[in-house]
Colleague: 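Supplied in C-alpha coordinates, the structure appears directly below.
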Amino acid sequence: QLFDYALKHSDVYGIHVNPVRNSTPPKKQKSVTPDLKPYKDINKIMEMLNKLHENKDLPLECAVLTALLVGTRRGETDYIKWSELDLELGSISIKGCRTCANVEIVKDSTKSGYERETSMCSLLVDALKEYKKWQLHNKELLGDEYYDSDYMLVRADGKPYAPKWVSRKFSQFLEKY
(Lines give C-alpha, C1' and ligand atoms only; values in the text may rest on other atoms or scores of the structure.)
Protein backbone atom coordinates (compact mmCIF):
# COMPACT_ATOMS: atom_id res chain seq x y z
CA GLN A 1 0.00 0.00 0.00
CA LEU A 2 2.85 2.34 0.76
CA PHE A 3 4.44 1.85 -2.65
CA ASP A 4 1.07 2.19 -4.38
CA TYR A 5 0.61 5.53 -2.64
CA ALA A 6 4.12 6.61 -3.65
CA LEU A 7 3.39 5.62 -7.29
CA LYS A 8 0.25 7.75 -7.33
CA HIS A 9 2.40 10.67 -6.17
CA SER A 10 5.50 9.83 -8.21
CA ASP A 11 6.12 13.51 -8.91
CA VAL A 12 6.60 14.06 -5.16
CA TYR A 13 8.36 10.81 -4.18
CA GLY A 14 10.23 9.99 -7.40
CA ILE A 15 9.07 6.37 -7.43
CA HIS A 16 7.94 5.07 -10.83
CA VAL A 17 7.90 1.27 -10.24
CA ASN A 18 6.49 -0.72 -7.36
CA PRO A 19 9.24 -3.29 -6.56
CA VAL A 20 6.85 -5.32 -4.41
CA ARG A 21 4.71 -6.24 -7.43
CA ASN A 22 7.56 -8.33 -8.92
CA SER A 23 8.36 -10.20 -5.71
CA THR A 24 6.96 -13.53 -4.62
CA PRO A 25 5.87 -13.98 -1.02
CA PRO A 26 7.58 -16.71 1.01
CA LYS A 27 5.85 -20.06 1.04
CA LYS A 28 3.91 -20.85 4.16
CA GLN A 29 5.49 -23.54 6.29
CA LYS A 30 3.17 -26.39 7.15
CA SER A 31 2.65 -26.53 10.87
CA VAL A 32 3.10 -29.95 12.34
CA THR A 33 0.92 -30.77 15.30
CA PRO A 34 2.69 -33.21 17.58
CA ASP A 35 0.96 -36.44 18.47
CA LEU A 36 0.23 -35.65 22.12
CA LYS A 37 -0.32 -38.45 24.56
CA PRO A 38 -1.30 -36.75 27.81
CA TYR A 39 -0.76 -39.83 29.95
CA LYS A 40 2.85 -40.07 28.71
CA ASP A 41 3.45 -36.33 29.04
CA ILE A 42 2.24 -36.26 32.65
CA ASN A 43 4.55 -39.18 33.46
CA LYS A 44 7.48 -37.27 31.96
CA ILE A 45 6.53 -34.17 33.94
CA MET A 46 6.28 -36.14 37.19
CA GLU A 47 9.63 -37.80 36.51
CA MET A 48 11.20 -34.39 35.85
CA LEU A 49 9.68 -32.95 39.04
CA ASN A 50 11.01 -35.88 41.09
CA LYS A 51 14.51 -35.36 39.68
CA LEU A 52 14.22 -31.64 40.33
CA HIS A 53 13.31 -32.35 43.96
CA GLU A 54 16.19 -34.85 44.32
CA ASN A 55 18.54 -32.21 42.92
CA LYS A 56 17.98 -30.11 46.11
CA ASP A 57 17.91 -26.79 44.23
CA LEU A 58 15.03 -25.18 46.11
CA PRO A 59 14.95 -21.89 44.17
CA LEU A 60 14.75 -23.69 40.83
CA GLU A 61 12.24 -26.23 42.11
CA CYS A 62 9.96 -23.46 43.41
CA ALA A 63 10.29 -21.46 40.19
CA VAL A 64 9.40 -24.47 38.02
CA LEU A 65 6.53 -25.56 40.28
CA THR A 66 5.13 -22.02 40.32
CA ALA A 67 5.28 -21.73 36.53
CA LEU A 68 3.84 -25.21 36.02
CA LEU A 69 1.13 -25.22 38.68
CA VAL A 70 0.11 -21.56 38.72
CA GLY A 71 0.77 -20.75 35.07
CA THR A 72 3.12 -17.83 35.60
CA ARG A 73 5.42 -16.58 32.89
CA ARG A 74 9.17 -16.36 33.52
CA GLY A 75 9.11 -12.64 34.33
CA GLU A 76 6.05 -13.02 36.55
CA THR A 77 7.67 -15.86 38.50
CA ASP A 78 10.75 -13.72 38.98
CA TYR A 79 8.65 -10.79 40.28
CA ILE A 80 6.74 -12.70 42.99
CA LYS A 81 7.33 -11.39 46.51
CA TRP A 82 6.73 -13.20 49.77
CA SER A 83 4.26 -10.45 50.73
CA GLU A 84 2.13 -11.56 47.74
CA LEU A 85 1.97 -15.16 48.97
CA ASP A 86 -0.33 -16.49 51.65
CA LEU A 87 1.03 -19.93 52.49
CA GLU A 88 -1.67 -20.57 55.08
CA LEU A 89 -4.54 -19.91 52.66
CA GLY A 90 -2.60 -21.21 49.68
CA SER A 91 -3.06 -18.10 47.56
CA ILE A 92 -0.71 -16.14 45.34
CA SER A 93 -1.02 -12.70 43.74
CA ILE A 94 0.66 -12.05 40.41
CA LYS A 95 1.24 -8.29 40.27
CA GLY A 96 3.94 -7.71 37.71
CA CYS A 97 7.08 -8.98 36.03
CA ARG A 98 10.83 -8.42 36.03
CA THR A 99 12.63 -8.52 32.71
CA CYS A 100 15.97 -7.52 31.31
CA ALA A 101 16.25 -4.74 28.72
CA ASN A 102 19.84 -4.64 27.52
CA VAL A 103 21.65 -4.78 30.87
CA GLU A 104 18.99 -2.99 32.90
CA ILE A 105 16.42 -4.85 35.02
CA VAL A 106 12.95 -3.52 34.29
CA LYS A 107 9.89 -3.95 36.50
CA ASP A 108 6.63 -3.86 34.58
CA SER A 109 3.01 -4.96 34.71
CA THR A 110 1.99 -8.45 33.65
CA LYS A 111 1.80 -9.17 29.91
CA SER A 112 -2.00 -8.90 30.02
CA GLY A 113 -1.77 -5.69 32.04
CA TYR A 114 -3.91 -7.17 34.80
CA GLU A 115 -2.98 -8.38 38.26
CA ARG A 116 -4.46 -11.71 39.26
CA GLU A 117 -4.85 -13.84 42.34
CA THR A 118 -5.09 -17.60 42.29
CA SER A 119 -4.81 -20.58 44.58
CA MET A 120 -1.86 -22.93 44.98
CA CYS A 121 -1.93 -26.69 45.44
CA SER A 122 -0.36 -28.32 48.51
CA LEU A 123 2.67 -29.52 46.50
CA LEU A 124 3.64 -25.92 45.72
CA VAL A 125 2.76 -24.62 49.18
CA ASP A 126 4.94 -27.30 50.83
CA ALA A 127 7.86 -26.53 48.51
CA LEU A 128 7.53 -22.79 49.20
CA LYS A 129 7.42 -23.39 52.97
CA GLU A 130 10.63 -25.43 52.74
CA TYR A 131 12.23 -22.72 50.57
CA LYS A 132 11.16 -19.99 53.03
CA LYS A 133 12.83 -21.94 55.87
CA TRP A 134 16.02 -22.16 53.75
CA GLN A 135 15.94 -18.40 53.21
CA LEU A 136 15.35 -17.67 56.90
CA HIS A 137 18.24 -19.98 57.82
CA ASN A 138 20.54 -18.12 55.41
CA LYS A 139 19.32 -14.78 56.77
CA GLU A 140 20.16 -15.94 60.29
CA LEU A 141 23.62 -17.16 59.22
CA LEU A 142 24.51 -14.00 57.28
CA GLY A 143 22.94 -11.47 59.64
CA ASP A 144 23.48 -7.92 58.36
CA GLU A 145 25.15 -9.27 55.22
CA TYR A 146 21.84 -10.76 54.05
CA TYR A 147 20.06 -8.68 51.40
CA ASP A 148 16.39 -8.60 52.39
CA SER A 149 14.41 -7.87 49.23
CA ASP A 150 11.09 -9.70 49.80
CA TYR A 151 11.47 -11.37 46.38
CA MET A 152 10.67 -15.08 46.40
CA LEU A 153 13.48 -16.11 44.04
CA VAL A 154 16.74 -15.13 45.67
CA ARG A 155 20.26 -16.46 46.01
CA ALA A 156 21.63 -17.71 49.33
CA ASP A 157 22.67 -14.14 50.22
CA GLY A 158 19.14 -12.82 49.62
CA LYS A 159 19.88 -10.95 46.39
CA PRO A 160 17.34 -11.54 43.61
CA TYR A 161 18.42 -13.66 40.69
CA ALA A 162 18.82 -12.04 37.29
CA PRO A 163 15.58 -12.29 35.26
CA LYS A 164 16.98 -14.89 32.84
CA TRP A 165 18.31 -17.12 35.64
CA VAL A 166 15.29 -19.44 35.71
CA SER A 167 15.45 -20.20 31.97
CA ARG A 168 19.21 -20.70 31.99
CA LYS A 169 19.21 -22.87 35.10
CA PHE A 170 16.23 -24.95 33.95
CA SER A 171 17.86 -25.54 30.54
CA GLN A 172 21.03 -26.73 32.31
CA PHE A 173 18.97 -29.03 34.50
CA LEU A 174 17.18 -30.55 31.49
CA GLU A 175 20.48 -31.15 29.66
CA LYS A 176 21.89 -32.89 32.73
CA TYR A 177 18.90 -35.17 33.21
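Every heavy atom of this structure was used, including side-chain atoms; hydrogens, water molecules and symmetry mates were not.
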Colleague: Do Y147 and I80 belong to the same hydrophobic cluster, where Ile, Leu, Val, Met, Phe, Trp and Tyr are linked whenever their side-chain heavy atoms lie under 4.5 Å apart, directly or via other members?
Modeller: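 No, Y147 does not connect to I80 through the hydrophobic network.
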Colleague: Can you measure from CG (D57) to CZ (F173) and round to the nearest 0.5 angstrom?
Modeller: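 These two atoms lie 9.0 Å from each other.
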Colleague: Nearest 0.5 Å, please: how far is NZ in K132 from CG in L58?
Modeller: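 Separation between the atoms: 13.5 Å.
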Colleague: More than 12 heavy atoms of other residues, nucleotides or ligands under 6.0 Å from NZ of K169: is that the case?
Modeller: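 Atom NZ in K169 is not crowded, with 12 or fewer foreign heavy atoms closer than 6.0 Å.
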Colleague: In a table with atom names and distances, give each donor-acceptor pair under 3.5 Å that connects a side chain of residues 135-146 to protein atoms at least two apart or in another chain.
Modeller:
{"unit_1": "Q135", "atom_1": "OE1", "unit_2": "W82", "atom_2": "NE1", "d": "2.7"}
{"unit_1": "Q135", "atom_1": "NE2", "unit_2": "Y131", "atom_2": "OH", "d": "3.1"}
{"unit_1": "Q135", "atom_1": "NE2", "unit_2": "M152", "atom_2": "O", "d": "2.7"}
{"unit_1": "N138", "atom_1": "ND2", "unit_2": "W134", "atom_2": "O", "d": "3.4"}
{"unit_1": "K139", "atom_1": "NZ", "unit_2": "D148", "atom_2": "OD2", "d": "2.6"}

Colleague: So if you build clusters from Ile, Leu, Val, Met, Phe, Trp, Tyr with side-chain heavy-atom gaps below 4.5 Å, do L123 and L68 land together?
Modeller: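 Looking at the clustering, L68 is in the same group as L123.
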Colleague: What closest approach, in Å, do E117 and S93 show between heavy atoms, and which atom pair accounts for it?
Modeller: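 That would be OE1-OG, 3.4 Å.
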Colleague: Does N55 reach the main-chain N or O of K51 with its side chain, forming a donor-acceptor pair under 3.5 Å?
Modeller: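 Answer holds: no.
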Colleague: Do the side chains of F170 and M46 join up, straight or via other hydrophobic residues, at under 4.5 Å, putting them in one cluster?
Modeller: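 Same cluster.
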Colleague: Give me each pair satisfying side-chain hydrogen bond (donor to acceptor under 3.5 Å, both in side chains) with a member in residues 59-74, each pair once, sequence neighbours excluded.
Modeller: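 Residue pairs with at least one partner in residues 59-74: H53-E61, T72-T77, R73-E76, R74-S167.
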Colleague: Tell me the closest heavy-atom pair linking V154 and S149, and the distance in Å.
Modeller: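 That closest heavy-atom pairing would be CG1-OG, 3.7 Å.
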Colleague: Are K81 and Y79 in a cation-pi contact, defined as NZ or CZ under 6.0 Å from the six-membered ring centre and within 45° of the axis?
Modeller: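 Positive - K81 is close enough to the ring of Y79 and near enough to its axis.
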Colleague: Distance check, rounded to the nearest 0.5 Å: L52 atom CG versus C62 atom SG?
Modeller: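 L52 CG to C62 SG: 9.0 Å, rounded to 0.5 Å.
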Colleague: Taking all non-hydrogen atoms of both residues, which atom of D78 and which atom of Y151 are closest, and how far apart?
Modeller: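 Distance-wise, the nearest heavy atoms are O-CD2, 3.7 Å.
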Colleague: What residues form a side-chain contact (heavy atoms from CB on, under 4.5 Å) with K129, not counting sequence neighbours?
Modeller: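 Partners of K129 under the side-chain contact (heavy atoms from CB on, under 4.5 Å) test: L87, E88, V125.
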